[in-house]
Amino acid sequence: MLQNFIRSAAATAVVAAFASAANAGGFQLTEQSALALGRAYAGVGVDGSDVSGVYYNPATMTLHPGTQMQLGVVGVGLNLDYVGDNGSRENGRKKPEVVPHAYVSHQLTDDAWVGFALTVPFGLSTDYSNDWDQAGDGTSAMIKVIDFNPNVAYKLSDKVSLGAGVSFQYVEAKLGFNWAKHHILGKLPALEQMQIVPANTSKFAPGQSHLKVDGYAWGWNVGMMWTPVDTVRIGLSYRSKVGHSVNGTLKTSNPNLKTVDASVSMDAPAWAMLSAAWDVNDWLSLYGTFRWADWSSFQSLTIESPAVPIPLESKKKWKDTYLMTLGYDAKMSDFWTLRGGIGYETSTISDPTLRTGTIPDADRYWLAIGSSFHWTKNFQTDVAFAHLRGVHERSVYNHTLKGQAVHAGKFRKLDAYLLGVQAQYRF
């Protein structure tokens, strides 16, 4: 009975931590092209300057004759500067992470194309000390989703192209906790004295714990591109939600507890993107992108375990997110193209008392710059840098035994620094 009480409380906390990780807009990685990073992803796909449209909008493969290949990475560094109301300081930045991407597009006929995208559409890492203020809700988080995405495209006419694909996704997550800091598990001795829990319950406190889960799931995507005139291209694309059911174990540092098997179910949200490109003249092109992500459909996350008699569900008050960006390309010479972009992205968090430190979220501004270098007619390299600055509400709250939210501190900075490099070759 005592072990089941502890395991139930631990499982409930895992649900809350995993759910908070899943909701963060920053956890949804837009960075599937180092070139498009240079203009904050304005016009991505319909720009035609690389083949990342295989992922963003498969219809745009019709912009690329013959066979083209692309390989690149985007490095992500975080600055999560937290200050507690008690004067404590902490920063959850881990070593910089690398987000890889690879694409191939091949023209079969005058009207038909096939392509393949290998991307990481979701993923992030944070790492705090084991005794920081919010350690009960998480000390570390590593989550990554690898997406294998074959696509086809067909050119209906000179003005309209269509595309579609399927996605096979593999997800892996590792979460760390220090339950001694948890708002329930950290107060077991006091709860024993108050006779709220049975005597000796604290002997089964999990201590430091680590959850590791993995699994796979399928999804799909579609896209279209309209070219009303030769210098203007408009694209609309949609990627389905992907229902993930991941399995693994929760290991604790307490020798009185055995490893707990766990199964977590959640949906990665659907999203839709509208992008536009305008080739103003031979040296200047302007771009824009608007993306909607359906996070409001993610109302709960469920965990099941043999240690818990009924499935545990965590409900969240999430809202849809929006990304709006504008950018340009300037052809400085046949060798060098300069680009830049700005953007604004909204947070998933409508209730700030639900924010956690392991993977926090906030509204953010984008500021980006990049360049392409055309070494030969068939080979080019692209580099870009972007700064994402978290703004507006960034507070963190603790919760009492009665569920009341108490302000605990604030993130002074929720910033990300992105550096992308890639290479393209046309056969």
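FYI, side chains are in, hydrogens and waters are out, and symmetry mates aren't considered; it's all heavy atoms of this structure.
- Screening residues 60-70 for side chain to side chain donor-acceptor pair (under 3.5 Å) gives D50-Q70, T62-S161, T67-H106, Q70-Q422 as the qualifying pairs, with residues at least two apart or on separate chains.
- Every residue meeting the side chain to side chain donor-acceptor pair (under 3.5 Å) condition with W292, not counting sequence neighbours, appears here in chain and number order: D320.
- W113 places a side-chain N or O within 3.5 Å of a backbone atom of M61 that can act as its donor or acceptor partner.
- Of all non-hydrogen atoms in A368 and L37, the two that sit nearest each other are CB-O, 3.1 Å.
- Formation of a donor-acceptor pair under 3.5 Å by the T289 side chain with backbone atoms of G43 is found in this model.
- Rounded to the nearest 0.5 Å, atoms CH2 (W295) and OG (S347) are 11.0 Å apart.
- Using modelled atom types and a 3.5 Å distance limit, the side chains of N221 and Y238 yield no donor-acceptor pair.
- For K241, the salt bridge (Lys or Arg N to Asp or Glu O under 4.0 Å) criterion is met by D267, not counting sequence neighbours.
- Between L323 and W366 the shortest side-chain heavy-atom distance falls below 4.5 Å.
- With contacts defined as side-chain heavy-atom distances shorter than 4.5 Å, the pair D382/S371 does not qualify.
- A side chain to side chain contact (heavy atoms under 4.5 Å, CB included) with S275 is found for exactly one of T325, V46, I234, namely V46.
- Put simply, CZ on F373 and OG1 on T381 are 6.5 Å apart, with the number rounded to the nearest 0.5 Å.
- Interatomic distance, CG of L274 versus OG of S237, reported as 8.5 Å (0.5 Å rounding).
- For the pair L156/K159, no side-chain contact is recorded, criterion being any heavy-atom separation below 4.5 Å from C-beta on.
- Side-chain contact between P228 and V232: present, with at least one pair of heavy atoms (C-beta onward) separated by less than 4.5 Å.
- Looking at L418 and L388, their side chains come closer than 4.5 Å, going by heavy atoms from C-beta outward.
- In this structure Y216 satisfies the ring pair (Phe, Tyr, Trp, His ring centres under 6.0 Å) test together with F168, sequence neighbours excluded.
- When every heavy atom of S105 is checked against every heavy atom of V51, the shortest pair comes out as CB-CG1, 4.2 Å.
- In this structure, the separation between CE on M324 and CD1 on I342 is 11.5 Å, given to the nearest 0.5 Å.
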- Step by step, would you call V99 with V76 a side chain to side chain contact (heavy atoms under 4.5 Å, CB included)? CA-CA 7 Å; V99 182; V76 181; 4.0 Å; yes

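- Taking each heavy atom of W271 and Y56 in turn, the nearest pair found is CH2-O, 4.0 Å.
- Remark: Y103 engages H101 in a ring pair (Phe, Tyr, Trp, His ring centres under 6.0 Å) (not counting sequence neighbours).
- Looking at T30 and Y41, their side chains come closer than 4.5 Å, going by heavy atoms from C-beta outward.
- For A217, the side-chain contact (heavy atoms from CB on, under 4.5 Å) test picks out V242, H244, with sequence neighbours left out.
- The side chain to side chain donor-acceptor pair (under 3.5 Å) search around S285 returns D279, not counting sequence neighbours.
- Between the Q107 side chain and the G66 main chain, a donor and an acceptor come within less than 3.5 Å of each other.
- Pairs passing the salt bridge (charged side-chain N to carboxylate O under 4.0 Å, His left out) check and including a residue from residues 33-49, sequence neighbours excluded, read R39-D47, R39-D329.
- Residues G223 and N57 share a closest heavy-atom pair of CA-OD1, 3.3 Å.
- Note on ring orientation: taking the six-membered ring where Trp is involved, the planes of Y417 and F385 are parallel (angle under 30°, cut-offs 30° and 60°).
- Counting only residues at least two apart or on different chains, the salt bridge (charged side-chain N to carboxylate O under 4.0 Å, His left out) pairs with a member in residues 412-427 are D81-R412.
- Applying the side chain to side chain donor-acceptor pair (under 3.5 Å) criterion to R239, with sequence neighbours excluded, gives N149, S167.
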- Task: Would you sort out whether F427 and N378 count as a side chain to side chain contact (heavy atoms under 4.5 Å, CB included), showing the intermediate values?
- Result: CA-CA 7 Å; F427 293 90; N378 297 323; over 6 Å; no

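- Salt-bridge check for R291 with E345: passed, with a basic side-chain N closer than 4.0 Å to an acidic carboxylate O.
- Listed by first and then second residue, the salt bridge (charged side-chain N to carboxylate O under 4.0 Å, His left out) pairs involving residues 99-110 amount to none (not counting sequence neighbours).
- Remark: L118 engages A102, F116, I146, F148 in a side-chain contact (heavy atoms from CB on, under 4.5 Å) (not counting sequence neighbours).
- Between the CD1 atom of I369 and the CG atom of L338 there is a distance of 5.5 Å, given to the nearest 0.5 Å.
- A donor-acceptor pair under 3.5 Å links the side-chain atoms of R364 to the main chain of A362, judged by distance alone.
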- Message: One pair to check against side chain to side chain contact (heavy atoms under 4.5 Å, CB included): V114 and L108. What are the steps and the verdict?
- Response: CA-CA 7 Å; V114 293; L108 295 174; 3.5 Å; yes

- Task: For L35 and R339, run side chain to side chain contact (heavy atoms under 4.5 Å, CB included): C-alpha distance rounded to whole Å, both residues' side-chain angles, the deciding distance at 0.1 Å, then the answer.
- Result: CA-CA 9 Å; L35 182 151; R339 61 181 51 89; 3.7 Å; yes

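- Using a distance-only test at 3.5 Å, with no hydrogens or angles considered, no donor-acceptor pair links the side chain of T337 to the main chain of S372.
- Considering only heavy atoms from C-beta on, E31 stays 4.5 Å or farther from S33 through its side chain.
- Annotation: side chain of V44 is in contact with side chain of S52 (closest heavy-atom distance under 4.5 Å).
- Nearest heavy atom pair, residue F379 against residue A423, reads CE1-CB, 4.0 Å.
- Closest heavy-atom contact between A384 and A34: CB-O, 3.2 Å.
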